[in-house]
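Worth saying up front: this structure is predicted, and the values here are computed from it rather than measured. Numbers restart at 1 for each chain; the letters A, B, ... are given by sequence-line order, proteins then strands.
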Amino acid sequence: MSEERTLNFLEQIVEEDIANGVNGGRVLTRFPPEPNGYLHIGHAKSICLNFGLAQKYNGKTNLRFDDTNPVTEDTEYVDSIKADIQWLGFNWAQELYASDYFEQIYNFAVQLIKKGLAYVDDSTAEEIAISKGTPTEPGKGTPYRNRSVAENLDLFERMRKGEFKDGEKVLRAKGDLASPNMHMRDPIMYRIKHAHHHRTGDNWCIYPMYDFAHGQSDSIENITHSVCTLEFIPHRPLYNWFIEQLGIFPSHQYEFARLNLTYTVMSKRKLLQLVNEKHVTGWDDPRMPTISGLRRRGYTPASIRAFCERIGVQKRDNMIDVSLLEFCIREELNKTANRVMAVLDPVKLVITNYPADQVEEMTAENNPEDPNSGTRTLPFSNTLYIEREDFMEEPPKKFFRLGPGLVVRLKNAYIIKGEGFEKDADGNITTIYATYFPESKSGGDTTGLNVKGTIHWVSAAHAATVEVRLYDRLFKVEDPGSEEGDFKSYINPDSLQVISNAYVEPSLLKAKPGERFQFLRKGYFCVDTDSTAEKVVFNRTVTLKDTWAKEAKKG
RNA sequence: UGUCCUAUAGUAUAAUGGUAGUACAUCUGAUUUUGGUUCAGACUGUCUAGGUUCGAAUCCUGGUAGGACAACCA
C-alpha cells in the first residue's frame, strides 16, 4: 500500500486537469498502433503509460489501430498486437480502427475545402517537396494552390470515385508556406492508393495521412489525453489547427521520450529487416526485443510492467541499460521459479567408494525463497554428470569447486574429494574420479567438514536429455543504430548457442511450454514452444548474476 | 546556419525557491548446501557564464551540447 513514487510529468498534467475540472475530470486515453509490425518493448512502455494513466485516474483506454496505409498493414499484425496487449495484462475499453472513421474523415476534408482551407494539388511528390522550401527558406507553393472551392470539391469527389491514378493528385491543407514549422506548409491530407485495405477492402482508393487521421480519430472518440512520442512534437500545432478549423472535440497531444535499450534496435523497420533477412527466426525469436520474443524468451508480463515502471517517463532522450530489464526478470523469477539441476556441458564423475549398484533418493528444496514450494526427490548414484567448468586440473587459489585433492559439496547430496581424472588423446578430460564422505549427507552431515563450494549434478543413469538454447545479446555494441555503416554488421555472431544434449533431472521431461525454472547456478530457463514429445527445448531467459565469472575474467 | 524539444552520478529517475535522494550498474564486506538470494557499506552528479533572491538543480538572460523537423510513412 505504500505508493511512494512521485508523479511523472504526465500524471501531473492529468491531476491538474482533474483538479481544474477539464473534461469534467474524465480521462480517456488510447493506444494507437499501426498494424504493420509486431509490438516491442518500446510499445510496452507506451502501453503501460496509456493504460496505466487511465487505470490510475478512473479512466479508460481505447485500442485504436492507425490503419491509414493499406499497403503496409495486415490482419496478422492486428492479431499479434491484440494478443500482446492482453498478455501484458491490459484490457481496452473499445477496439477501434481509424478506418472506421474514413467516411467521417472524408466529410471533415470536404468541410475544410468548403472553408477554403484545403485544395487538390496535381503536382508530383518532387514538385511538392521543392515548393515547400527548406527549414530556413519559405515555401513558394504550387500553381494549384488557388483553385476555386467548387473545383476542389469536384476534384476531391472524383479522387474518391477512382478517376485518377496513384500519385496523380493529393488533397492538401492550405496552411502557411512561410511557417518555420515544415508541417504547417500545406501538409498533404489525402493521397490516392488503389490498394486493398485489410478492413475496408476496395471501398476506398484515397486514404487520409496520419496528420489528417490521428487527431480526428482522437477527437471522434473524445480522447482527453493523446500521448505519443517526441517526434510528433512538431505535428502538434497542426494537430491543434485541424481540430480548431473543424470545430471538433479538443483532444490534447502530449509527448514523451521513446524507450531505447542497449544492445538492441527498436525501430520496426530494422526489426523487419532482421526477420526478412533471416538474422533471427521470426518476430518472436527470443533474441528480439518484441513482446512476443520476450515472452518466448521467458519474460513475464509482471516483469515487463515492473521494468516500465522503473524506467520512468520523461522528455529527454534516453538509453536504458538492458541490465535493468534483466534485473526485473531475475527479481521475479527468484521468488517464483522452482530450482532444478541441469548440466549443460557434462563431464562424467565417478565416485569410487560409492556402491556401483546403489541408488539413493535425495531430497531437494524446490525453492528456498518460497516456503510453500515443497520438496522433491532426486536419484543419486556412483556415476554422475557435473559441469565441465566445475573441475580444474590446476585450480587457482580462489576456485571453490572440484580439483585434485579439493573437496566440494554435491548439492543436496554428499561432500566429495577429487582424486584423479582421465583424458583422451586430445587432452580433454573424459572422467573424473572422486571419493565421498558417507557421513556428509545433506541434512545429516556429521563430518564437521567446512567446504566452500557446492556444485550441481545429475545421475548419469537417470538423467533426461534435453535441448537448451543459450541466448546472448543480439548486438555486439551498445547502440547499433548510431554506429558507422549497416547496423546489421554489428550483430553478435554468438547470440545463440544450441546445446542439443544437456542432462537434466528426469522430472523435467514432463515440463510444458511456458514453464519456467531456475537451473541451479546457471540461470532461468523457460520451456520453448518448439518442444516435442521426443525432445523438450529450454530457452535461457537470463543467467544468474555471476560474481565468479567477473572474478575469473580479472585473471 | 530556421523553428521546436532536452540538459541532475556510468545509465535512468526524484527533489515543484529551503539538507541533491532512489533504482540499476560498479566495487567492499557479512551470511549462504546456488560464486544465486539476503544484509551492511563504498563510489560517482546539478552542462557553462552571468543575473534575481536571505537562499537557485529549480526563476531570468547569454552561451554550449544532444535530439527532432523539409515521406503521397506513422
Side-chain angles (χ1 to χ4, degrees), chain A residues 4-8 12 32-34 36 66-69 71-72 121 123-125 128-130 132-139 166-172 179-185 188-193 206-207 209-211 213-214 228-237 255 257 262 268-269 310-328 330-331 334-335 339 341 364-365 368-369 398-401 408-413 415 440 442-443 445 451-456 478 518-523 543-552:
Chain A
E4 284 163 31
R5 185 177 65 81
T6 50
L7 302 180
N8 66 47
Q12 287 179 35
E34 185 191 9
N36 69 344
D66 234 331
D67 55 350
T68 57
N69 185 6
V71 298
T72 57
D121 197 328
S123 309
T124 64
I128 288 176
I130 292 166
K132 273 192 175 182
T134 68
T136 52
E137 305 161 60
D166 286 12
E168 211 174 317
K169 287 181 165 44
V170 290
L171 182 73
R172 290 227 262 164
S179 171
N181 182 340
M182 297 299 290
H183 296 278
M184 297 303 285
R185 319 234 287 215
I188 291 170
M189 295 162 62
Y190 267 91
R191 75 286 215 197
I192 299 170
K193 277 180 192 282
I206 58 171
Y207 293 92
M209 297 284 289
Y210 168 85
D211 283 311
H214 199 97
C228 61
T229 45
L230 253 28
E231 66 268 29
F232 293 99
I233 289 177
H235 294 248
R236 177 153 32 91
E255 310 86 9
T262 55
K268 275 198 266 187
R269 202 193 92 247
R310 278 171 196 265
I311 59 177
V313 184
Q314 251 309 333
K315 295 186 75 159
R316 40 184 178 256
D317 293 320
N318 59 81
M319 177 65 75
I320 307 285
D321 197 326
V322 72
S323 65
L324 181 61
L325 218 209
E326 295 176 341
F327 168 82
C328 289
R330 284 194 191 108
E331 184 185 41
N334 175 51
K335 297 192 206 101
R339 277 94 281 204
M341 294 212 263
E365 268 184 313
E369 301 297 317
K398 285 156 94 178
F399 187 78
F400 304 142
R401 306 179 190 180
V408 74
R409 160 76 66 182
L410 291 171
K411 178 76 179 174
N412 300 128
I415 294 171
S440 67
S442 281
D445 186 350
V451 295
K452 283 209 185 84
T454 301
I455 63 173
H456 60 278
E478 275 201 3
Q518 183 195 106
F519 286 2
L520 227 54
R521 302 207 300 139
K522 301 272 49 167
T543 60
L544 255 30
K545 263 175 65 180
D546 190 349
T547 52
W548 167 247
K550 280 178 197 160
E551 185 69 28

**OP:** Mind checking A/Ala129 for me? I need base, sugar-phosphate or nothing, with any heavy atom below 4.0 Å counting as a touch.
**Re:** sugar-phosphate
Original post:
Does A/Glu255 come within less than 4.0 Å of A/Lys315, counting only side-chain N to carboxylate O?
Top reply: yes
Original post:
Looking at A/Arg269, does any N or O in its side chain come under 4.0 Å of the phosphate oxygens OP1/OP2 on B/A74?
Top reply: no
Original post:
Taking CZ from A/Arg185 and P from B/A71, how many angstroms apart are they, rounded to a whole number?
Top reply: 11 Å
Subject >> Nearest-angstrom distance from the residue atom CD of A/Glu369 to P of B/U34 >> reply: 11 Å
Subject >> Residue mapping more 5' on RNA chain B - nearest nucleotide basis, A/Ser442 or A/Gln12 >> reply: A/Gln12
Original post:
Is A/Phe519 touching bases, backbone alone, or none of the nucleic acid, heavy atoms closer than 4.0 Å?
Top reply: nothing
Original post:
Taking the six-membered ring for Trp, does A/Tyr210 stack with B/A74 (centroid gap under 5.5 Å, planes within less than 30°)?
Top reply: no
Original post:
Just checking A/Pro368: base, sugar-phosphate only, or nothing, at a heavy-atom cut-off of under 4.0 Å?
Top reply: base
Subject >> Rounded C1' spacing from B/G17 to B/C60 in Å >> reply: 14 Å
Original post:
Using a cut-off of 4.0 Å on non-hydrogen atoms, how would the nucleic acid contact of A/Tyr207 be classed: base, sugar-phosphate, or nothing?
Top reply: nothing
**OP:** Taking atom P in both B/G55 and B/G50, compute the distance separating them and give it to the nearest angstrom.
**Re:** 16 Å
**OP:** Considering only atom C1', compute the distance from B/G45 to B/U26 and round it to an integer number of Å.
**Re:** 16 Å
**OP:** Please measure how far the C1' atom in B/U64 lies from the corresponding atom in B/U48, and state the result in whole Å.
**Re:** 7 Å
Original post:
For B/U19, which nucleotide in any strand shown is its Watson-Crick or wobble partner with both distances under 3.5 Å?
Top reply: none
Subject >> Interatomic distance, A/Leu324 CG vs B/A12 C1' [rounded to whole Å] >> reply: 8 Å
**OP:** With C1' as the reference atom in both, quote the distance from B/U46 to B/C73 in angstrom, rounded to an integer.
**Re:** 40 Å
Subject >> Residue closer to the 5' end of RNA chain B, A/Lys169 versus A/Pro234 (nearest nucleotide) >> reply: A/Pro234
**OP:** State, to 0.1 Å, how close A/Ala257 and A/Asn318 come at their nearest heavy-atom pair, and which atoms those are.
**Re:** CB-ND2, 3.7 Å
**OP:** Indicate, with a heavy-atom threshold strictly under 4.0 Å, whether A/Lys411 touches base, sugar-phosphate, or nothing.
**Re:** base
Could you list, one pair per line, each protein nitrogen or oxygen that sits under 3.5 Å from a nitrogen or oxygen of nucleotides 5-7 of chain B, together with the distance?
unit_1: B/A7; atom_1: OP1; unit_2: A/Arg316; atom_2: NH1; d: 3.1

**OP:** Check every strand shown and say whether A/Arg330 touches a base, only sugar-phosphate, or nothing at a heavy-atom separation below 4.0 Å.
**Re:** nothing
**OP:** Scan every strand shown for a Watson-Crick or G-U wobble partner of B/G41, both distances under 3.5 Å, and answer none if you come up empty.
**Re:** B/C27
Original post:
Can you tell me how far C1' of B/U34 sits from CG of A/Asn412, to the nearest Å?
Top reply: 10 Å
**OP:** Look at A/Arg191 and B/A74 and indicate whether a side-chain polar atom (N or O) is within less than 4.0 Å of OP1 or OP2.
**Re:** yes
**OP:** Check every strand shown and say whether A/Arg310 touches a base, only sugar-phosphate, or nothing at a heavy-atom separation below 4.0 Å.
**Re:** sugar-phosphate
**OP:** Could you check whether A/His214 gets within reach of a base, just the sugar-phosphate, or nothing at all, counting any heavy atom under 4.0 Å?
**Re:** nothing
Original post:
Taking only side-chain nitrogens and oxygens of A/Lys452, does any of them come within less than 4.0 Å of OP1 or OP2 of B/U32?
Top reply: no
**OP:** Mind checking A/Lys398 for me? I need base, sugar-phosphate or nothing, with any heavy atom below 4.0 Å counting as a touch.
**Re:** base
**OP:** Establish, with yes or no, whether the OP1 or OP2 oxygen of B/A74 is under 4.0 angstrom from a side-chain nitrogen or oxygen of A/Thr68.
**Re:** yes
**OP:** Please examine the side chains of A/His235 and A/Tyr210, heavy atoms only from C-beta on, and report whether any two atoms are closer than 4.5 Å.
**Re:** yes
Original post:
Whole Å only: how far is the CE atom of A/Met319 from the C1' atom of B/C24?
Top reply: 16 Å
Subject >> P spacing across the pair B/C69 / B/G10, given as an integer number of angstrom >> reply: 29 Å
Original post:
A/Gly443 near the nucleic acid: base, sugar-phosphate alone, or nothing, with a heavy-atom cut-off under 4.0 Å?
Top reply: base
Subject >> B/A23 to B/U44 separation - C1' atoms, rounded to the nearest Å >> reply: 15 Å
Original post:
How far, in whole Å, is B/A56 from B/U61 if one measures between their C1' atoms?
Top reply: 15 Å
Original post:
How close or far is atom C1' of B/U37 from atom CG of A/Asn334, stated in whole angstroms?
Top reply: 5 Å
